[in-house]
Amino acid sequence: MPETMLAVCKTKSDAGLEVREVPRPRPGPEDVLVYVEAASLCGTDLHIWRWDLWSQRRIKPPLTLGHEFCGTIVAVGDKVRHAAVGDYVSAESHVTCGMCYQCRTGQAHMCPSTEILGVDRDGAFAPYVVVPEKVIWQNDRAKLPPEIATLQEPFGNAVFATMNQSLSGQSVAVLGCGPIGLFTVAICKAVGAKAIFASDIHPYRINLARVMGATQVFKPTDGPADTVAQIVEANGGYGVDIVLEMSGAPAAITTAFRVVRNGGIVVLFGIPAKPVEIDVAENMIFKNLTVLALNGRRIFDTWYKTRWLLEGGVVDLRPLITKTIGFDEVNDAMEMLARGDACKIVLLPNGGKPPDIPKRARVRTPHPNITGAPVHR
Ligand SMILES: [Zn+2]
Ligand SMILES: [Zn+2]
């Protein structure tokens, strides 16, 4: 194994990213070292690339980016019990404390001490990444190629936001068709929504919304009132049962509260850059709405649902992979994402080559409870 490696880093408190040589990370006793086969670029990376207000407050350079990935374990720490060399894995990017009230009551996605991979600790835009064994997720290589396996982390966000309520037979509006919005359209289709109305300002994304199963698509160029009227008309003169707001744009949030029917559900998942004004009396209370403000993924509940949707072929994410790239194309890829001309761009830090692991190393002891055998009390 090489002692140093190239990595996509934030080296200084300014816009842009740099590819530079860094030491290969060493696993601690409870960590695994993963040979990264694919790592996908995300909106969070775009924030860090731009060096916006959020990044200025949160990021401490130097930092290796990348929180969505998959690869093969090539070394494990002394105290690692279940993961093994040769395992083909992804990881939950939120490394939570395990001890706070949220962690201990099954709500680790709200842990106030969360450390995010590629945000608070070195990430996976590199040939190797170290993560604690507790965040590892086992993949089936026969069912999930690397460029799809890496998408489970962001796809889980859409699974959490979308499958939080029953969609079967319901009319749904998905506002904002970035990657999470497009995942959402696909999930709504897969779980049997009656009608899916999708909107976005970018033509590239609107086309993808059609591909992923939207019944009808809208380009909200003439303001919220117009989009509301168009969706209501398409829905037989009624507001929709459920709105999934995935953009964070103030105009789309206004649309969300107007286009939902009385007694419907609004899920707010897109993150606005600054405070947004809402008419609480007219658009929430008098409409008897259920409003959900959601963030992250339920750990690991959404990973199991994601496995069912992706490994089972219920949802096909291949149309959403715009391209795969090498290190030299990272800054161009960020520009492409910023323009809205791409959906998911996947970095191949090892050039798409699988790891060289000896056959005999590919042995692992299954978790004792994996078969559902009775547990001693
Ligand atoms: Zn992400
Ligand atoms: Zn915690």
Side-chain angles (χ1 to χ4, degrees), residues 8 10 17 30 36 38-50 52 54-55 58-59 63-71 90-126 129 131-132 134-135 137 146-162 176-184 187 246-248 269-271 294-303 306 310 317 320-322 324-325 330 333-334 336-338 340 342-347 349:
V8 178
K10 190 69 168 179
L17 293 171
E30 295 177 348
V36 182
S40 30
L41 278 55
C42 166
T44 303
D45 304 315
L46 205 56
H47 287 286
I48 302 173
W49 174 73
R50 282 195 183 116
D52 64 5
W54 171 83
S55 326
R58 180 82 177 247
I59 307 296
L63 174 83
T64 299
L65 267 65
H67 56 275
E68 308 173 359
F69 75 98
C70 75
S90 291
E92 167 55 51
S93 60
H94 291 63
V95 181
T96 55
C97 78
M99 295 308 290
C100 71
Y101 181 82
Q102 281 83 359
C103 281
R104 301 187 94 176
T105 53
Q107 305 174 86
H109 59 298
M110 299 175 217
C111 170
S113 311
T114 295
E115 270 194 1
I116 304 177
L117 200 67
V119 170
D120 305 308
R121 52 190 285 157
D122 283 334
F125 288 169
V129 64
V131 289
K134 67 178 182 181
V135 299
W137 181 256
E147 64 275 18
I148 302 288
T150 180
L151 300 182
Q152 293 173 101
E153 196 261 17
F155 187 78
N157 286 333
V159 168
F160 179 49
T162 307
C177 293
I180 307 295
L182 291 166
F183 293 156
T184 298
I187 297 164
M246 313 309 273
S247 74
F269 199 80
I271 300 169
L294 299 179
N295 187 234
R297 287 169 299 280
R298 189 174 280 277
I299 306 167
F300 276 86
D301 178 67
T302 56
W303 285 86
T306 294
L310 298 185
L317 295 184
L320 301 185
I321 301 170
T322 308
T324 55
I325 58 164
V330 168
M334 288 294 175
M336 213 174 156
L337 287 174
C343 184
K344 291 307 283 188
I345 296 179
V346 178
L347 174 70

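Atoms within each ligand, like the ligands themselves, are counted from 1 in listed order.
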> At the Zn ion (ligand 1), what angle lies between atom NE2 of His67 and atom OE2 of Glu68, rounded to 10 degrees?
Replying inline: 110°

>> the Zn ion (ligand 1) and Asp45: any N/O/S contact shorter than 2.8 Å?
In response: no

>> Before moving on, can you tell me the angle at the Zn ion (ligand 2) between the SG atom of Cys111 and the SG atom of Cys100, to the nearest 10 degrees?
In response: 110°

> Any donor-acceptor pair under 3.5 Å linking the side chain of Lys134 with the backbone of Thr96?
Replying inline: yes

> Around atom CD of Glu115, are there more than 12 heavy atoms of other residues, nucleotides or ligands at under 6.0 Å?
Replying inline: yes

>> Ring-plane angle category for Trp137 and Phe300, please: parallel below 30°, perpendicular beyond 60°, tilted otherwise.
In response: parallel

>> Please find the pair of heavy atoms, one from Phe183 and one from Ala158, that lie closest to each other, and give the distance.
In response: CB-CB, 3.5 Å

> If the Zn ion (ligand 2) is the vertex, what is the angle to SG of Cys97 and SG of Cys103, rounded to 10 degrees?
Replying inline: 120°

